[in-house]
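Have a look at the structure below, then the notes.
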Amino acid sequence: MARRRIDLSGLNRGQRRAVETLTGPLLVLAGAGSGKTRVITYRIARLMETGTKADRILAVTFTNKAAREMQGRASKLLGKRPKAAKRPEISTFHSLCVRILRRHIHHLGYPNKFAIYDGNEQDSLARAALRDVRVGYEKLRPGELLNAISGWKSAGLTPAQAEEVADGDKEELAALAYAKYQAAIRACGAVDFDDLLLLTEQLFSEHAEVRFMEAGRFDHLLIDEYQDTNAPQYRIVKALAGAHRNLCVVGDDDQSIYGWRGADVTHILSFKEHWPDATVVRLEDNYRSRESILELANTLILHNATRHQKVLRAFRKGGEPARFIRYEDETAEALAIVTEIHAALGSESDDRALASDYAILFRTNEQPRAFELELRRAGIPYVLVGGMSFYDRKEVRDILAYLKILANPSDEVSLLRILNTPARGIGASSITALLEVAVAEGRSLGQLLPEAHQYDGVPEAAARRIRGFLGLLEDYRQRIATGSLADTLKDLIAGVDYKKEIERLYKNPGDVQTRLNIIGEVVSSIAIYEERTPNPTVEGFLEETALAGRDDIGSDDGDDRKQRAVTLMTLHSAKGLEFPRVYMVGMEEGLLPHGRSVADSAGIPEERRLCYVGITRAQDHLTLSFAKARMKWGKSRASIPSRFLFEMRGEAERAGKAAAAYAEYAETVRSEFAAREEAKAKKKKRTRRITKKARSSRPETEAPKRRKVASPETAATPGRLPVQARQPQQTDTKPLQELDPATGSRQRALGSTRTAQSPTPPEGQVPSAQSPPARPTSNVKDADLDTPAQASLLGISQSVAPTVERISLDAGLSSNTAATPTDGPDRPAKKKAPAKKKAPAKKKAPAKKKAPAKKKAPAKKKAQKSRSARSNLR
DNA sequence: CAATACGCCCTTTTT
DNA sequence: GGGCGTATTG
């Protein structure tokens, strides 16, 4: 192997040190954008250069995407190597565990061919468990139960231990249900995501020989995103690295945002204590964001007390100040932002933006709705990351359930799912009867099926069909073991006439077609798998799909589209990514510090980190927006600007006021809630009898959970762009009509969209005319954050008197130059030449032109402008 | 047994 | 506002 010196000259001091410290424990505190992945890949390359064999290196990440990226960058750095050359093992925690378990899980009494249950299947099990414990969902919802179980599992508690620890009615019930759940999943020969880690850990602690064998496979261990490790992961790492101690962990405590799911920041905070001789390297040079953006991040994160101290230094100085914008409500927010993006995409200038430059980041999954709608209307391609995944669709789950049953006959969840899907005359009553027998005799449903005819509750006809069904499965089970996977699957789908089922379910021909296409994609994905895998098996395919999660199926296709699309995603899924232009929307109390996190003290710091993550995604442009009011529970409610907006600007006092205002608000909500609970409790008594009677209800057909997609052809699934067919110019209203029955609002927005879309607007000024909300931040003043309404919420109406005028002037939307002189107070020496210039030129002039007579000259108007953005457009 | 209607409940983040 | 589950009806 030609040994070539890896060139380290492009690395800064810290990076070089991290790359060259090759033995012993090493902690790399890598701030956002500090070249973390680079360090890891260089380090791998260095290791190999100094004689470590590739396959003696294990790098662990949390996501497949990260693993893939690392793999790609490492091989690039290593240059051309013989095809057969070993590669470093780079995988996620979960897939690493799967591999280990596949080899040894039989020691723990599980079949080596165990199935992996994802959220949907867990949901089914949770419901069944709750039925078993005779708890109505109103007492404890499946989701809550799963959360509890996951919490216990992450803490390493068995059901028995959980029962001891459980405190209060709810938890005790949950602990009981946990026992049922665990028994059920085990009986299915399946494991869930948490089990993957737990069982691996158990394997290591109970079977030393397994631990030796697995740990002995590697001499060097790298863990990425170490701040996200939970307890089992931590112990697995320890077990693997304990002997050689060549453990390099990389992470950033300031980006720890998965505490809610068991990640424990203390792992990274006290690494030095666990490994006293550890070298610690800090990477604080940020190459991603402009200085103006980093300042906000640095200032914000200072509000967290417990952290490794570090300050991001901007490599890229200057930059446009971030913008802070207030809107009337979430609709206005979406409309204005989309309009702005649309204008930028359509502009003829050299610096024309690409859709892929943009990311819209939000906290909760309901927020993107408004944006999707507007983006569709504007004909801008977008990708909603993390929405309904391909694998969450009913059709896909059905088909996969067939495959799962073929692979693992004891998989009861899948069995129940397909037993009567497509409808084959095995009715709910028959199934219930069988399930009762199964429970009574302690046998599995699968075992009972062949003798179904013996039982009373099962009519002759049903028994016959069950027999037919079993025969069919047996048939395909044999075929798939020997023949081509894809072909067999195709035959299977035809054999059960799934198409007919779809036609029965959906009467709209468009719907039917998209569902059929989806099925086609499943088939082709198995074909792809089959093609590129040496020894393809059903199990292998299923494993891939289970672990792939939200990654797309036809990845090339997906990537290609993503390249031309605006990205919509949660702050959580944005971690690790970067975009030239970032919008952080819904920056409001209750949303960004999320309502549920405000209660417990650990909550706020994590929310703050989440905000920090969001800010540090932006390379050049950052816009933070919030609404004055927002729909919640079908009602419009006043919003309070997020305390983080103030914190990041160094306005601690106002941040405190925002927090206090929210606390007060939360208090009223809580009493409302309590009242409702009470009413509910009364009712429950009545309902209970009924529920009990009905408790043996039929198995789940579908575990819904995620929201449905608006319309098939515009379905926004990852990797599947909604409007790709429509050009921006088109103003075909029909699809829209279908999309949105709420015609009223449709028309309104449509009108505006049309304006925005007119291809060659007079004077070519579309952009500015269309971007009313855009405003240079040099203008950002109190005005942007306090309207009279907000000010009173914050209890500061008087004190901000000087700004009140500007407040109404701006009302969060208008872009005027009035503020220029006031630049001083807030961010004194900060304005950039470019910003200044842009403000007047770009904003004002065009706005007048294009905007219909309604808009007045910017400078003098006050209150009436608060709505200007919308009304102008209409 | 399926389709429809009504009413209740909710709203965090996900490998 | 909307999705889901349950009840009711044919």
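The chains referred to below are lettered A, B, ... by the order of the sequence lines, with proteins before strands, and numbering in each begins at 1.
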- Query: Does any donor-acceptor pair link the side chain of A:W260 with the base of B:dT12 at a separation under 3.5 Å?
  - Reply: no

Whole angstroms only, please: what is the [atom1]-[atom2] distance between [X] and [N]?
{"X": "A:E366", "N": "C:dG2", "atom1": "CD", "atom2": "C1'", "result": "11 Å"}
{"X": "A:I604", "N": "B:dT12", "atom1": "CD1", "atom2": "C1'", "result": "13 Å"}
{"X": "A:L146", "N": "B:dT14", "atom1": "CG", "atom2": "P", "result": "16 Å"}
{"X": "A:K575", "N": "B:dT14", "atom1": "NZ", "atom2": "P", "result": "12 Å"}
{"X": "A:E588", "N": "B:dT12", "atom1": "CD", "atom2": "P", "result": "16 Å"}
{"X": "A:R363", "N": "B:dT14", "atom1": "CZ", "atom2": "P", "result": "9 Å"}
{"X": "A:R609", "N": "B:dT12", "atom1": "CZ", "atom2": "P", "result": "19 Å"}
{"X": "A:M587", "N": "B:dT12", "atom1": "CE", "atom2": "C1'", "result": "16 Å"}

- [ ] For the pair A:W152 and A:Y178, name the ring-plane relationship: parallel under 30°, tilted 30 to 60°, perpendicular over 60°.
- [x] parallel

Regarding the side chain of A:H594, the nearest nucleotide among C:dG1, B:dT12, B:dT14 is B:dT12

Picking from C:dG2, C:dG1, B:dT14, the nucleotide nearest the side-chain atoms of A:R369 would be C:dG2

Which of A:I105, A:L240, A:L101 passes side-chain contact (heavy atoms from CB on, under 4.5 Å) with A:T200? Answer is A:L101

When A:N304, A:I301, A:L571 are each screened for side-chain contact (heavy atoms from CB on, under 4.5 Å) with A:Y612, the one that passes is A:I301

Notebook entry, point to check: So, the side chain of A:E606 versus the backbone of A:G259: is there a donor-acceptor pair under 3.5 Å, distance only?
Noted result: yes

Counting only side-chain nitrogens and oxygens, does A:N147 get under 4.0 Å of the OP1 or OP2 atom of B:dT12?
no

Q: Return no unless some side-chain N or O of A:T570 is found under 4.0 Å from OP1 or OP2 of B:dT14.
A: yes

Taking for A:T92 and for A:N420 the nucleotide of DNA chain B with the nearest heavy atom, the one nearer the 5' end belongs to A:N420

Quiz item: Hey, mind stepping through A:E225 and A:Q227 against side-chain contact (heavy atoms from CB on, under 4.5 Å) and telling me if it holds?
Solution: CA-CA 5 Å; A:E225 305 282 13; A:Q227 77 280 358; 2.7 Å; yes

